Amino acid sequence: MWQYSFLLTRLQHIHSRPDVHELTQHTNTIHSVRSLAQSNSDHELVELSYLLEISHALKFNISSINVNNLLSLASNLSSRNPLRQHHVQLSLMRMLLHVLYLTKVGQGHSALAKLKEHHQLMDSEVGGDMRIWDKEGKFDLLVCNGERKLYFDWFTQSEAFVFGYILSGAVYFPDSSAEKPLNFFMEGVRVADCTFHL
Amino acid sequence: MTLAILNGETYDTESWLSEVVTRRDRLRRLKRYSLLYASFAALLRSRWEIALKAITQLTDFNQTYFAKSTSDDSAFTYLYQLLLAIQNHYTGHLDVALQYYSDIPVQAGETFLLALLNKSLILRGGSQQDQAAAIKLVDEVERRLVASQHQYPQIRNAWCLVRGITSNEVLRSKFPHH
């Protein structure tokens, strides 16, 4: 457990404008998490490591990382993992990263298709049952053969919706005839205002 | 904080206040980006009233809840400067637009290149000196695109368009003249 904690804590600390060495170090740390998780058969953490590497590649435009391959690996692992229950946060993360990636590489139609899947997930899972989403945005992953848990902080339910609206607006943005982008962005503002009375 | 308690939060950990503040700040950042992109979406669709309303709301919100320091979120800062530049560009306040474009630093990447291209579009309508400066800006963008390890396909397309508009070269037609 302490090895996981140490490596994951290292991943939290990256310079806002890292040089090539720091970027490589960060990728290596993600790979260390993955190797450790694979040797312990902690499949949920392996899945998260794929998502972390995708996020790292997209954030810093690292063309040497094969994002498509990592998305496939994450998707396959989520369906093959015998211990993985339907983990809505991991599924949502993968979907958001996939839409971001497709938008970034200019595959607008594919991004739209993936976005529709995202909307279905938000409507059916995230918005449907408020009990499955911790109100502080915490979720856990099973490690050590399902006997222990690692806890993480991520989006609250409201943040997930606001981010989803921003992403939806961004995907529809190039269509200059459509009102959808404006509607999505303003809906995001409305949800943010309702949540914390900003 | 009172609202958080009323929403059912339990005040039972030392880090509770810190977590509530962090979540509130995160949501404010998301709202800021929503307003920013809504402003761009409205401008680019020539929905002036909506754009001006969104930009005003964004400016007020930004000034009220965020420090003036640009190190807070540089991506937002560069895009916000671009937004104000484009707003002034569209409404004919070209000197103000030029100033906002010039304030976007080279670290802004694509946003910087777009600012250079937009500046060149303003300057091409000016004096001979301005037109020469416009050509130099387009050359600068070309130089950076060639040297960059990133593809920037949309900026390349924009560069081609602006190069075509600002170029003084005459391309002779191959259509036979009789």
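Values below: every heavy atom of this structure, side chains too, minus hydrogens, waters and symmetry copies. In this text, all values refer to a predicted model and were calculated from it rather than measured experimentally. Throughout, protein chains are lettered first and strands after them, A, B, ... in sequence-line order, and every chain is numbered starting at 1.
Residue-environment remark: OH (A:Y101) exceeds the threshold of 12 foreign heavy atoms within 6.0 Å. The local environment of CD in B:Q129 is sparse, with at most 12 non-hydrogen atoms from other residues, nucleotides or ligands closer than 6.0 Å. In the displayed structure, B:D95 atom CG is contacted under 6.0 Å by at most 12 heavy atoms of other residues, nucleotides or ligands. Residue A:K59 qualifies as open at atom NZ: its count of foreign heavy atoms under 6.0 Å is 12 or below. Under a cut-off of 6.0 angstrom, the local environment of CZ in A:F152 is crowded, with over 12 non-hydrogen atoms contributed by other residues, nucleotides or ligands.
We find the CG-OG1 distance between A:D153 and B:T22 to be 9.0 Å, quoted to the nearest 0.5 Å. Here the OH atom belonging to B:Y33 is positioned 14.0 Å from the CG atom belonging to A:L167, to the nearest 0.5 angstrom. Once rounded to the nearest 0.5 Å, the distance linking CZ of B:R45 with CG of A:D175 reads 7.0 Å.
Residue contact with chain A, scored on non-hydrogen atoms closer than 4.5 Å, is absent for B:L36. Using a 4.5 Å cut-off between heavy atoms, A:K104 does not touch chain B at all. Only the backbone of A:Y172 comes within contact range of chain B, judged by heavy atoms closer than 4.5 Å.
By the 4.5 Å heavy-atom criterion applied to side chains, B:I50 and A:M186 are not counted as neighbours. A heavy-atom distance below 4.5 Å is not found between the side chains of A:V162 and B:K31.
No chain of hydrophobic side-chain contacts below 4.5 Å, direct or via other Ile, Leu, Val, Met, Phe, Trp or Tyr residues, connects A:Y151 to A:L8. Transitive grouping of hydrophobic side chains (ILVMFWY, heavy atoms separated by less than 4.5 Å) keeps A:I65 and A:V20 in distinct clusters. Linking Ile, Leu, Val, Met, Phe, Trp and Tyr whenever their side-chain heavy atoms come within less than 4.5 Å leaves A:L182 and B:L52 in two separate clusters.
A salt bridge links A:E179 with B:R47: at least one charged nitrogen is closer than 4.0 Å to a carboxylate oxygen.
Looking at every heavy atom in both residues, B:R26 comes nearest to A:T156 through NH2-N, 4.4 Å. When all heavy atoms of A:V189 and B:S34 are compared, the pair lying nearest together is CG2-CB, 3.5 Å. For the pair A:F185 and B:A41, the tightest heavy-atom approach, listed with the atom from each and the gap, is CE1-CB, 4.1 Å.
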